[in-house]
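Scroll down for the structure; my scribbles are underneath it.
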2 protein chains.
Amino acid sequence: MRRHVLIFGLVGGVLVASLQYTEYRFVVIEHSVELYGALIAILFAAFGIWLGLRITRRRETIRETVVVKEVLVPAVPPTPEPFSPNTARQQTLGITARELEILTLVARGLSNREIAAQIFVSENTVKTHCARVFDKLGAARRTQAVQRGKELGLLP
Amino acid sequence: MRRHVLIFGLVGGVLVASLQYTEYRFVVIEHSVELYGALIAILFAAFGIWLGLRITRRRETIRETVVVKEVLVPAVPPTPEPFSPNTARQQTLGITARELEILTLVARGLSNREIAAQIFVSENTVKTHCARVFDKLGAARRTQAVQRGKELGLLP
DNA sequence: TCTAAAATCACCCGAAAGGATGACGACATC
DNA sequence: GATGTCGTCATCCTTTCGGGTGATTTTAGA
């Protein structure tokens, strides 16, 4: 995580350097300092948002694994079907929270690339999670994994 | 996380300091646009981070003790849910019976080859049916097609 | 503080899937 | 007979998936 700050520093440095460079070539002529500032502002605001999302993402997915609720299933389940995930089964299969998260995104029909973009990781990482969860589910394809996941009550 | 903000602040400070330093050493020309830009950059990066934290700061991490408890559910047959396929929707989408048949097999997690073997046609034919039904469902992948099919009531 | 698990990322390779297009025969309908 | 739909099959090409391996970083828990 420290790495992000480092990256930030580097990017900032490079940006400032390049800005200095281009400054002396184009921008300064038109004295559009406001535009220049706005550009930097937008750029860094976006970068900051990204960084904020990235460093907090892991915080929210922290260990919410074992919150086994002692829920009594009503005799006549209401129609909305809240879907309580079968955490016990997930435990016995050794499927991590992250893996299940990827699996749900797979079930929504997303490609590895789309999943990667959505949770801010590389496509390779998504593939790794997929491979692991496929192995744990005994599935050879993502469609099969989704089917198994629904059978086992891991997915709604 | 506080630590990271701290580090971030430090890096930012160093950046500004070095900028100032170099500013006063070499580029003492009247315009300090770089410093201005750097300041804006840092300011808005911080703002972005704050924003990112804010928009994702919903639930605190909850940690509870593990109490895996088997609850005896009042025996209620899950109500097999006869599942009447939404034929009307199928009609409006122009999905043929054969295509829906292939789609259900896709939903079961079978590969094109397995489907071909099961319904005694060539793999190419399966691919053609798949392509057609994907097009009609507006899906790019089979997982997406399955998801759409369930949403539309075409699949159980 | 040390250790094990989890998460991250990369690279390679082969297989599977998907897109585009064309073709052919069966069958129904006009 | 002409037309249209459906099912069948093919080829070429590109993209995506999946398996395997190895590595580093982060986190949790003892």
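Throughout, a chain's letter reflects where its sequence line sits, starting with A, and its residues are numbered from 1.
Of the residues in residues 94-125 of chain B, those placing a heavy atom less than 4.0 Å from an atom of DNA chain C are B:S111, B:N112, B:R113, in numerical order.
From B:N112, atom CG reaches atom SG of B:C130 across 4.5 Å, with rounding to the nearest 0.5 Å. Atom CZ of B:R142 is separated from atom CD of B:Q147 by 15.5 Å, given to the nearest 0.5 angstrom. Between atom CG of residue B:L100 and atom OG1 of residue B:T96 there is a gap of 8.0 Å, rounded to the nearest 0.5 Å.
Computed from C1' positions of five pairs at each end, the angle between the two local axes of the helix from C:dT1-D:dA30 to C:dC30-D:dG1 equals 50°, rounded to 10 degrees.
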I'd like to compare against my own output: the B/S/- annotation of nucleotides 19-30 of chain C with a strict under-4.0 Å heavy-atom distance to protein. S-----------

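Following rounding to the nearest Å, A:R142 (CZ) and D:dG19 (C1') show an atom-to-atom distance of 14 Å. Computed from coordinates, the A:H129 NE2 to D:dT26 C1' distance equals 12 Å when rounded to whole Å. Rounded to whole Å, the distance from CD on A:Q91 to C1' on C:dA5 is 13 Å. Counting to the nearest Å, the P atom of D:dT15 and the CD atom of B:Q144 are 18 Å from each other.
Not a single donor-acceptor pair under 3.5 Å links the side chain of B:Q91 to the backbone N or O of B:T87.
Residues A:E151 and A:L137 form no side-chain contact, since every pair of their non-hydrogen atoms from C-beta on lies 4.5 Å or further apart. Side-chain contact between A:K136 and A:Q90: absent, with no pair of heavy atoms (C-beta onward) separated by less than 4.5 Å. Between A:L154 and A:R148 there is no side-chain heavy-atom pair separated by less than 4.5 Å. The shortest side-chain heavy-atom distance between B:L152 and B:N86 does not fall under the 4.5 Å cut-off.
With hydrogens and angles left out, the side-chain atoms of A:T128 and A:T125 include no donor and acceptor closer than 3.5 Å.
Considering all non-hydrogen atoms of both residues, A:T143 and B:G109 come closest at OG1-CA, 3.4 Å.
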